[in-house]
Participant: 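Take a look at this one; I'll ask things after.
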Amino acid sequence: MSAAQMLARLAAASQKLDEAKAKTVAAAQDVEEARSLVAGALEGVAAGQLIGIIDAYRQALGQAAQGGEPAKQQVQETMARVQALGN
């Protein structure tokens, strides 16, 4: 595989990581909206446990959104090494 082919695939991988992060952030926003709807519907009556579960889900999505950063950084570093070897 040529350096150009490697770079093209790595660039595509980087884009996919960006897309995954954007989708995860959007999902976290949807969960926040769901939390608001639940809180409004139940107005404190037995909402505590359900709100806690939703909050845990939202927190997990937030962590997932940040979890892709090391992978993206590694892809970018690999691209830089491939470019350096190609020159």
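One is the number of the first residue; the rest follow in order along the sequence.
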Participant: Can you name the closest pair of heavy atoms from A65 and T24 and give their distance?
Facilitator: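 Smallest interatomic distance, heavy atoms only, reads N-CG2, 3.7 Å.
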Participant: Between atom CD of Q83 and atom CG of L7, what is the distance when rounded to the nearest 0.5 Å?
Facilitator: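 Separation between the atoms: 5.0 Å.
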Participant: In Å and rounded to the nearest 0.5 Å, what is the CZ to CD1 distance from R35 to I53?
Facilitator: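 That separation rounds to 12.5 Å.
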Participant: Does the distance from a Lys or Arg side-chain N to an Asp or Glu carboxylate O, for K16 and E19, drop under 4.0 Å?
Facilitator: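 Counted as a salt bridge, because a side-chain N and a carboxylate O are separated by less than 4.0 Å.
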Participant: Please walk me through it: do K21 and E69 pass side chain to side chain contact (heavy atoms under 4.5 Å, CB included)?
Facilitator: CA-CA 9 Å; K21 181 177 181 176; E69 288 303 315; 2.9 Å; yes
Participant: State, to 0.1 Å, how close K72 and D18 come at their nearest heavy-atom pair, and which atoms those are.
Facilitator: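 Shortest heavy-atom contact: NZ-OD1, 2.6 Å.
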Participant: Looking at CZ of R81 and CD of Q76, how far apart are the two atoms once the value is rounded to the nearest 0.5 Å?
Facilitator: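 Going from CZ on R81 over to CD on Q76, the span is 12.0 Å.
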Participant: Determine the sole option in L61, D55, I54 for which the side-chain contact (heavy atoms from CB on, under 4.5 Å) test with Y57 is passed.
Facilitator: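 Option passing the side-chain contact (heavy atoms from CB on, under 4.5 Å) with Y57: L61.
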Participant: Spell out, as yes or no, whether a donor-acceptor pair under 3.5 Å connects the side chain of Q5 to the backbone of S2.
Facilitator: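 Here the side-chain-to-backbone pair exists.
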Participant: Do other residues, nucleotides or ligands put more than 12 heavy atoms under 6.0 Å from the CZ atom of R9?
Facilitator: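 Not buried by this count: 12 neighbours or fewer within 6.0 Å.
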Participant: Could you tell me if E33 and Q29 have a donor-acceptor pair between their side chains, going purely by distance under 3.5 Å?
Facilitator: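 No, no side-chain donor-acceptor contact under 3.5 Å.
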Participant: If the condition is salt bridge (charged side-chain N to carboxylate O under 4.0 Å, His left out), which residues does K23 pass it with, not counting sequence neighbours?
Facilitator: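 K23 satisfies salt bridge (charged side-chain N to carboxylate O under 4.0 Å, His left out) with no residue once adjacent residues are dropped.
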Participant: Under 3.5 Å, is there a donor-acceptor pair between the side chain of S14 and the main chain of L10?
Facilitator: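 Flag not set: sc S14 to bb L10 has no pair under 3.5 Å.
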Participant: Taking the side chain as every heavy atom from C-beta outward, state whether M6 and M79 have any pair of such atoms under 4.5 Å apart.
Facilitator: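 Counting from C-beta outward, M6 and M79 never come under 4.5 Å.
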